[in-house]
Trainee: 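Provided herewith is a single structure, encoded as structure tokens, for subsequent inquiry.
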Amino acid sequence: MNPERSRATRSPPAEKPHAAGWGHLLPWTAALAFYFLGADFLGLGTNALIMVLFALSLDLVLGYAGIITMGHAAFFGFGAYAAGLCAIHVTNDPVTGLLIATAAAGILGFVTGTLILHTKGVTLMMLTLAIGALVAEVANHLRDYTGGDDGLHGIRMAPLLGAFRFDLWGHTAYLYTLAVLLAWFALAWRIMRSPFGRSLDGIRQNVRRMRAIGTPVWWRMVAVYSLGAAMAGTAGALSAQTTRAVGLTALELLASGTVLMVLILGGTRRLYGAFAGAVVYVVVQDFAAQVDPFRWMFVIGALLMAVVLFLENGLMGIIDFAAARARSLWREQTPR
Amino acid sequence: MSEFTIVLDGIAYGMVLFIISVGLTVTMGLMRVVNLAHGSFAMIGGYVAAVAVGAGVPFIAAAFGAALVAGLTGALAEVLVYRPLYRKGELAQALMTFGFTFVVIAALTAIFGTSIKTLPLPEYMSGLVDIGFRMYPAYRLFLIAFGLALALALWLGIDRSLYGARLRTAVDNPRMAGAVGINVNRLFQLTFAGGCALAGLGGVVGSALLPLEPYYALRYLVLFLVVVGVGGVGNFKGSFVAAISLGVIDTVAKYFLPSAAAYLFYGAVLALLLWRPDGLMPARSAQ
Amino acid sequence: MSDAEARHANTLGAAPVLSVRGLCKSFGALTVAQDIELDLPGGARIGLIGPNGAGKTSFVNLLTGMLRPDAGSVLLEDRAIDRLRPELRVRRGLVRTHQINTLLAETPALENVAIAIAERKRIGWRMLRYGTGWRACLDEAEARLAAMGLGDDRLRLVRELPYGKQRLLEIAIALALKPRVLLLDEPAAGVPAGETRAIHEQLGDLPQDVAILMIEHDMDLVFRFAREIVVMVQGRVLTRGSPSEIANDDRVREVYLGRRVR
């Protein structure tokens, strides 16, 4: 069998309800528990949640639909600038800003998606790179609005829902981010099990087959690309609102590479893979990036290579393996 | 500055792009590997030469030494990084070579520091030369001459030699090439190393136009990929035409519309790739 | 030829479901379709035969829009479909199977059929409210697999199925799309002899107004299935007639014995 095929490209599994229940409970409980236990690191935790959302958005586009994009950071950055500019010039209500940024990034995804998704393979990859570079150039050039290299500062958010101030310790920011993540996650979970989601899974595996059953392949791809862009835009907006700053680095190739690494490290097409990858990312980044940014690049690069060579199903693959082992051991030890 | 010299500047810039990118069209066209690490080899060449010239080695010797180092690194990388990728999908290839680029950047900055490296030109290249009706920088003339010579050499080497015949066979039909007794692996490795050496050389001679900074391998990656993509993956002549055209477009745009140059450049690239997804001159095998 | 003409006249009473008018296509010097004219009336059961390289598969590709013709036109139920993308032709009821399996290898057999049904029912776009709609697709898919004798394999991934069963699955998917015109490109290639019966039975159960064009090298199956046979040689329609006429046609025999056509 072709080794390319033998990579785990399972369809969304038909889990038993109770197993799925436990699987869901664990990560969210952990995220909530962190709020109480990790009070000194809530900023870090918020970053991790934002990274989860960002990687999740890439999972829809790349993991499920198989659109290989090297420019996904464009949407994150676009959402971040949209939210930042909205807070400074229009309204500093966080939820309004979030919705505007999400819509803006989604529209950018729709426009660029309709343009480039006719192509495939290397050409498509180059086009995503070119669009990423174009968006970064625009942001760099419009320094009157974006602050250019200095970044966008002076973002002040109004209290969330008019009641909860963004406090110095990041309590509000953390719970706000967690709530938004949960909403997007539930949506993504539902969508990826829908006929639409299953058709994306089919498009990744075999475009010809999908054409042969009458699937409007191009429209489906544009749809998921826009959806992923909107989601990445939300992540960018959360980042702008909770850190009160946006930098050009959000748009750089390194950012696209980082989110790819997080997703691949965690495991694609799992949705929860993004969680595993992002947690590792934030912890490692906290250690490495404090030293200097280049050491950080080394870590990302080495991790990317290691995952490709040794860990094709990502961390979730290991978790699956461990869970299967544990179950079989349990069965051996419990008498019938 | 007259329009003519602007175009000359553009051609000189295009030659640099060509020298660096021509190796990339080999990997992407011949080995069918999505190679996002090509800029690293140009960067390795540039850094090595900068350090060597700083230590008193003559420019030309440093340039060839740097090309050698880049080529050897390429040969090593072909075995360690690229060979495991030949049978994997595009995504794995993209991720692996992307990761390799990061590692190279980290390694170079760890060894040579994070400041921008300057590579002073030798005296005979830094002056002006009379080109009939005006004075023009010798360095740029050198770039144009060097690029043309390289293009000619490649054309002769690939269109006219036994090596070229083998290479073309391997591009068009690797299985057939193996069946008629061509050692495809060795051919790939040699060609890959050659492409990397050229990239290293390009990194050296082009350092006045593409400054040697820590993010070099990432910053110009899109540029090199675009040359290959616009030219048609696997097509040397296409790369030449694309590199010169893009070089001229970029330079002319920067001169006349400095504020919009970057948009114009990427806009042109987008339009070209959307108009001809397989590039201006698609290789037969790429279709 | 009176026999065939009479039958032809019978079916011509109904308007043709699919009409091909002056279809031409060449790749450089190689001509794969040369002024092809063909009508498929409702309920047609046509076998398309011809030696290798006669342009049979190219013809199917031209009909489905995988290839763009140089000249000529294709009408589906009296509407020109030349400008429609392949997937839209499928939605209009022009369905094909492939010579080589094109299935979702990492997806269970059941779901391969169910997503086709979802597209047919136009619920492929549903993202949030899909519970009952999708369950209905799964139920129908299950019934269709059982009818093909694939009931026990419904939860296996396609890549784990033997080749013959994959062929059956491909045909089950085509039937699940409820085609108006069904183009079968060598449906029996690679199917063990005992299992072609399932294909034949399933085709027999199709509504009588569906037009079927079958390309096949297994002459047994062609002669059992087809009421009319079209012979193609070098991109042209050589002749058309009832199975018995074709079997006794000298020119057809010449073609298959490898001599040149006059």
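FYI, side chains are in, hydrogens and waters are out, and symmetry mates aren't considered; it's all heavy atoms of this structure. No experiment lies behind these values; they were computed from the predicted model shown. Within every chain, numbering begins at 1; the chains are lettered A, B, ... in the order of the sequence lines, protein sequences first and strands thereafter.
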Trainee: With a 4.5 angstrom heavy-atom cut-off, which part of A/L127 approaches chain B: side chain, backbone, both or neither?
Mentor: both
Trainee: Got more than 12 heavy atoms from elsewhere within 6.0 Å of OH, A/Y272?
Mentor: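 For A/Y272, atom OH is crowded (more than 12 foreign heavy atoms under 6.0 Å).
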Trainee: Is it true that atom CZ of A/F321 has more than 12 heavy atoms of other residues, nucleotides or ligands lying nearer than 6.0 Å?
Mentor: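 No, because the 6.0 Å sphere around CZ of A/F321 holds 12 heavy atoms or fewer from other groups.
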Trainee: Could you check, using the six-membered ring where one of them is a Trp, whether B/F236 and B/F240 have ring centers closer than 6.0 angstrom?
Mentor: no
Trainee: Chain A heavy atoms under 4.5 Å from B/L223: which part of the residue, side chain, backbone, both or neither?
Mentor: neither
Trainee: Just so I understand: if I count every heavy-atom pair under 4.5 Å between each of A/N140, A/V307, A/L115, A/T119 and chain B, which residue has the most?
Mentor: A/L115
Trainee: If I measure from the heavy atoms of chain A, does B/V104 come under 4.5 Å with its side chain, its backbone, both, or neither?
Mentor: neither
Trainee: Where is the tightest heavy-atom contact between A/A276 and A/G266, given as atom of each residue plus distance?
Mentor: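 In this case the closest contact between A/A276 and A/G266 is CB-CA, 4.3 Å.
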Trainee: When only pairs under 4.5 Å are counted, which of B/L218, B/L274, B/L221 shares the most heavy-atom pairs with chain A?
Mentor: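 Looking at each option in turn, the highest pair count goes to B/L274.
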Trainee: Can you tell which part of B/V103 gets under 4.5 Å to a heavy atom of chain A, answering side chain, backbone, both or neither?
Mentor: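 Contact with chain A is through both the backbone and side chain of B/V103.
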Trainee: Below 4.5 Å, heavy atoms only, C-beta onward: do B/L210 and B/F224 meet side chain to side chain?
Mentor: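 B/L210 reaches B/F224 side chain to side chain.
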Trainee: Identify which part of A/M261 has an atom lying under 4.5 Å from any heavy atom of chain B, answering side chain, backbone, both or neither.
Mentor: neither
Trainee: What part of B/Y215 is in contact with chain A, defined as an atom under 4.5 angstrom from a non-hydrogen atom: side chain, backbone, both or neither?
Mentor: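 For B/Y215, the contact with chain A is made by the side chain alone.
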Trainee: Do you know which of B/T97, B/T101, B/T114 has the most heavy-atom pairs under 4.5 Å to chain A?
Mentor: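 When all of B/T97, B/T101, B/T114 are compared, B/T114 has the most.
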Trainee: Which bit of A/L62 comes within less than 4.5 Å of chain B, counting heavy atoms only: side chain, backbone, both or neither?
Mentor: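 For A/L62, the side chain is the part near chain B, not the backbone.
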Trainee: Can B/D9 and B/K254 be counted as an ion pair, charged N to O under 4.0 angstrom?
Mentor: no
Trainee: If we only count heavy atoms from C-beta on, is the A/R269 to A/D201 side-chain gap below 4.5 Å?
Mentor: yes
